[in-house]
Amino acid sequence: MKIKKILASMLSLALVATSTSISGLTGAGKYASALDDCNDDWLHAEGSRLYDMNGNEVWLTGANWFGFNCSENCVHYLWSADVDDVLREVADRGINVIRFPISTELLVSWMEGNPNPVSSVSGNADPAFTINPDFVLEDGKTLKDSMQIFDIIMQKCKKYGIKAFVDIHSPHSDNSGHNYNLWYGKAGVTTDVWIETLVWLADKYKNDDTLIGYDLKNEPHGKGPEGKLAAKWDGSTDENNWAYAATKCAEAILDVNPNALIFVEGVEQSMSGAAEGDYWGMPDRVVMHEGDIPSPYIGAWWGGNFRGAREYPIVPKQGTSQIVYSPHDYGPSVYAQTWFDKDFTEQTLLDDYWYDTWAWINAEDVAPQLIGEWGGHMEGDNLKWMLLLRDYMIKNHISHTFWCLNTNSGDTGGLWDSLGFMQGSGTTIDWNEPKYEMFEESLWQTQKTGKYIGLDHQVALGANGISLNEFYSSYASTEGSNLDGGKTANGNPVQGITTTAPKVTTTPIKTTTTAKSTTTAVITTTTTKPTAARPPVTTNNDVKPEKYGDANCDGEVDVADVVLLKCYLINGVAYGITPKGLANADVQGGSNGINVQDVVAIQKYALKMIDNLPIA
C-alpha cells in the first residue's frame, strides 16, 4: 500500500487548474458525505485515447465484482461484509472503476417494476441487519429489493470516488451463465428485450455519471461450425451477427444518453479466408499434412477476436466518440492456447496472437481499448503472461478491469482471499497481497508520490488518492503519472498537459448595474488543455448577507451549500446562485468575490471544524 494521504477529503473540491489544493480537509478515513452531483464526469474517445469534458486524458484502471449476474441477484460477499467498508477499501487501494456483471433477466424485472429478490446479503444470515443496515426497509426487518440495493451501491461508489459500468454477462441469471454463447435465447430474452433493458437502464442513469457506460455482452462466442448458435462478426443482418446487434444496441443507448461509453467485446472465431467459398457454419477442416487447406476459422479467447472489425467496425449513427473495444485475455492457467507453447515473450504474443486479434485497434489509433477481463493464478507461465500483459497495457494507455475482486472465481482466484465482519470493528478483507502488488503497478497513479488518480472531477479516490481536477491542477505538470509507461513533466511533455502558455479568453456571463457599481461575472476559458484557472466570481456589494455560508438561502449552512458553490464555480450558467446567495457565500477575504477559499471555509464550518463565519 502507498503511504496514506494525511487528510482524505469528505468533499473534494479541487477545481480545474486552481492553484489551491483543498483535497485534504478532513481527518484520515473520512469520505465525501456531499456527493458530486454536477454530472460532469462523462468521457469520450478521440483516436485510441479517452478524455474527460476538459480534453484531459484519463485512464480506467479497475476490477470486476460479480454477483448481479448470478442467481443471488447481488454482488457477492455482502452476506459477510459491509458495502461501505468494502468500497472504502477498494477506493483506498486505487481502483478507480468497477465492472459489475449483471443479467438481462434481472434488468427485465427492474424495468417491469417487480425487481427479483436478493438472496446474498446480510439479512439472510443476519436478520438484525447489523452488517448492512441500509439494505433494510424502515420496518427494520424487510430486505430491500435488488434494484434498490444496486442503486445504493452506485451511490456508495460515488461517495468514494469510484466509477462503474455494467456488463451484460448473460441473458439469464445463472452463476455459470457466461458459458452461454449469445445475448438472446434464454429466460425469454430476445434481441429486442436485451436492447430495451439496456436503454431503460441508460435512461434511468443518464443524469448520474457514476455509471459511465455499458458493456453490451460478456464474451459473445461459439465456434463456426455451430452456425446460428454461435456469435459471428460480419456484414450481415443475421441475428447472431454480433457486429450488427452491437451497433443497433449502441445507437439505442446513445439516443437516450449520448454521453455513455459503449464497451463492445469481440467474438471467439472469425473466418480465415483460407479458401474461396468458405462460409460461417461449415464443418471445420482437419489439417493432416503440410499443404492441406487450413481451417476456415481462426480462434481466440471468448470475447477476444476483433479481426472482423477491420472490415466491419462498430459505427453507430451518432459516430464513434463513445465506442470502446473491450477484448478479454487470459493466460495458460485458464486454457493452454497454442501461443503459450513456446518460451513466449511480449513480441511472440504480439506476433502469434495479440496484434492481429485485438492489439491493432490501439496500435493503429482506431479506438480506445479496455481489457475487460485479465487475471489468474500467481504461478509459472501464468504469472509471466500477466506481467507481460500488464506492462503492455501500461506502455500503450490501454484501460482495464482485472478479473476479479471475488474469491470465488474457480479458474482465476481473486484479489480477495476472504472477507469477514465483526460487530464493532467492521469488515476485515484479507487481500491476496502478492497478486495485488502485481496488479497495483497497473493502477493510474502519480509518478513520484504514488497518489491514485480517480475519474471524478471533485471527489478524491479514497484516502490515498486524488480527484481528476486535483491531478491536472497540481500533479500533472510536476510529476505526471504512470500512463504511457511513465512519462513525466520534468522537461518532457505529459499527455493532456500544455507545454506552452495557454491563450486565455474571457466571456462575460452576467452584468448587474446599480446606482453605485457595475459588476460583471466572468468565466475564464482556454483554447488549450487543461482549462485555465478561473478568477474569483465577484458579487454585488449592494446586496448584504443575511446568513454567512447559506449559498442556497434555505436558512441552514450545510454540505448542500458546499455542493452548490462547487458546481457554480465550475459552471455558473448551469448552476446559478441568487445575488443573496452570493452575498452569503462570500465568507473569506473580505468581500473579494466567490472563489475556492470561500468553499473551503464553508465546508469547514459545515463539518464543525471552525466555529464562525465569515473569516477575516
Side-chain angles (χ1 to χ4, degrees), residues 60-66 76 90 93-95 97-99 101 167 169 175-176 178-179 218-219 221 265-269 298-306 326-359 362 369-396 398-418 429-443 482 485:
L60 281 62
T61 56
N64 288 263
W65 187 6
F66 66 76
H76 288 177
V90 164
R93 294 263 182 162
I95 291 168
V97 64
I98 297 177
R99 178 178 182 257
D167 137 55
H169 219 61
N175 296 53
S176 297
H178 60 282
N179 290 317
N218 179 73
E219 298 178 352
H221 62 277
E265 300 187 31
V267 292
E268 179 183 358
Q269 289 194 339
I298 300 176
W301 291 110
W302 292 359
N305 193 329
F306 288 88
S326 186
H328 290 187
D329 206 88
Y330 280 107
S333 71
V334 173
Y335 191 80
Q337 302 279 15
T338 56
W339 44 92
F340 300 128
D341 287 346
K342 62 182 68 173
D343 184 16
F344 60 87
T345 64
E346 177 187 295
Q347 191 59 53
T348 68
L349 290 171
L350 283 166
D351 293 342
D352 296 344
Y353 178 69
W354 285 354
Y355 194 87
D356 289 338
T357 306
W358 58 262
N362 174 80
Q369 289 189 300
L370 178 140
I371 306 294
E373 293 184 16
W374 68 288
H377 297 295
M378 298 283 290
E379 56 191 25
D381 279 351
N382 203 73
L383 175 57
K384 175 183 175 181
W385 162 82
M386 280 197 290
L387 294 171
L388 290 172
L389 180 60
R390 180 200 68 184
D391 293 346
Y392 185 79
M393 293 188 298
I394 295 171
K395 287 186 295 184
N396 292 280
I398 296 175
S399 296
H400 60 91
T401 47
F402 191 82
W403 187 271
C404 55
L405 291 168
N406 304 57
T407 73
N408 56 334
S409 177
D411 55 359
T412 65
L415 289 169
W416 298 331
D417 282 339
S418 65
I429 302 177
D430 182 14
W431 290 75
N432 186 318
E433 295 295 352
K435 184 179 287 191
Y436 172 76
E437 183 178 356
M438 180 279 303
F439 163 68
E440 193 263 353
E441 294 292 324
S442 65
L443 296 176
N482 59 336

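As the structure is a prediction and not an experimental result, all values here were calculated from the model. Values below: all heavy atoms of this structure, side chains included; hydrogens, waters and symmetry mates excluded.
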Heavy-atom side-chain contact between [X] and [Y] under 4.5 Å:
{"X": "H400", "Y": "L60", "value": "no"}
{"X": "T61", "Y": "I95", "value": "no"}
{"X": "I371", "Y": "T401", "value": "no"}
{"X": "D329", "Y": "L389", "value": "yes"}
{"X": "P434", "Y": "N432", "value": "yes"}
{"X": "Q369", "Y": "S399", "value": "no"}

Criterion side-chain contact (heavy atoms from CB on, under 4.5 Å) on I394 and S442, from CA distance to verdict
CA-CA 6 Å; I394 295 171; S442 65; 4.2 Å; yes
Nearest-0.5 Å distance that lies between atom [atom1] in [X] and atom [atom2] in [Y]:
{"X": "S409", "Y": "E373", "atom1": "OG", "atom2": "CD", "answer": "8.0 Å"}
{"X": "W385", "Y": "S333", "atom1": "CH2", "atom2": "OG", "answer": "7.5 Å"}
{"X": "L383", "Y": "H377", "atom1": "CG", "atom2": "NE2", "answer": "12.5 Å"}
{"X": "R390", "Y": "F439", "atom1": "CZ", "atom2": "CZ", "answer": "11.0 Å"}
{"X": "W302", "Y": "Q269", "atom1": "CH2", "atom2": "CD", "answer": "12.0 Å"}
{"X": "H328", "Y": "E268", "atom1": "NE2", "atom2": "CD", "answer": "13.5 Å"}

Between [X] and [Y], what is the shortest heavy-atom contact and its length?
{"X": "L405", "Y": "V90", "value": "CD1-CG2, 4.3 Å"}
{"X": "E265", "Y": "E219", "value": "OE1-N, 2.7 Å"}
{"X": "K342", "Y": "D352", "value": "NZ-OD2, 2.9 Å"}
{"X": "T407", "Y": "S418", "value": "CG2-N, 3.8 Å"}
{"X": "D381", "Y": "F344", "value": "O-CZ, 3.5 Å"}

Review point. Side chain of H221, backbone of N179: donor and acceptor closer than 3.5 Å?
Key: yes
Quick check: does any side chain N or O of Y335 sit under 3.5 Å from a backbone N or O of W301, one acting as donor and the other as acceptor?
no
Q.
Under a 4.0 Å threshold between the charged nitrogen and the carboxylate oxygen, would E433 count as salt-bridged to R93?
A.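 Between E433 and R93 there is a salt bridge, with a charged N closer than 4.0 Å to a carboxylate O.
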**Q.** salt_bridge(K384, D343) N-O dist < 4.0 Å
**A.** yes
**Request:** Decide ring pair (Phe, Tyr, Trp, His ring centres under 6.0 Å) for F66 and H76; before the verdict, give the C-alpha distance in whole Å, the side-chain angles of both, and the deciding distance to 0.1 Å.
**Result:** CA-CA 7 Å; F66 66 76; H76 288 177; 5.4 Å; yes
*Intermediate values then yes/no, side-chain contact (heavy atoms from CB on, under 4.5 Å), F340 and T348*: CA-CA 9 Å; F340 300 128; T348 68; over 6 Å; no
| message | As a quick check of understanding, evaluate side chain to side chain donor-acceptor pair (under 3.5 Å) for W358 and N305, giving each step before the final call. | response | CA-CA 6 Å; W358 58 262; N305 193 329; over 6 Å; no
(Q) For a side-chain contact (heavy atoms from CB on, under 4.5 Å) check, start with the C-alpha distance between I398 and L370, then their side-chain angles and the critical distance, and finish with the verdict. (A) CA-CA 6 Å; I398 296 175; L370 178 140; over 6 Å; no
Six-ring centre of W65, R99 cation under 6.0 angstrom, axis tolerance 45°: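 Judged by the rule, R99 and W65 form no cation-pi pair.
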Q. How far apart are the C-alpha atoms of D411 and Y330, what are their side-chain angles, what is the distance that settles it, and do they pass the side-chain contact (heavy atoms from CB on, under 4.5 Å) test?
A. CA-CA 10 Å; D411 55 359; Y330 280 107; over 6 Å; no
**Prompt:** Where does the angle between the aromatic ring planes of W339 and Y353 fall among parallel (under 30°), tilted (30 to 60°) and perpendicular (over 60°)?
**Reply:**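 Taking Y353 first and then W339, their aromatic rings lie parallel (interplane angle under 30°).
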| Could you go step by step and tell me if F402 and W374 meet the ring pair (Phe, Tyr, Trp, His ring centres under 6.0 Å) rule? | CA-CA 5 Å; F402 191 82; W374 68 288; 4.8 Å; yes
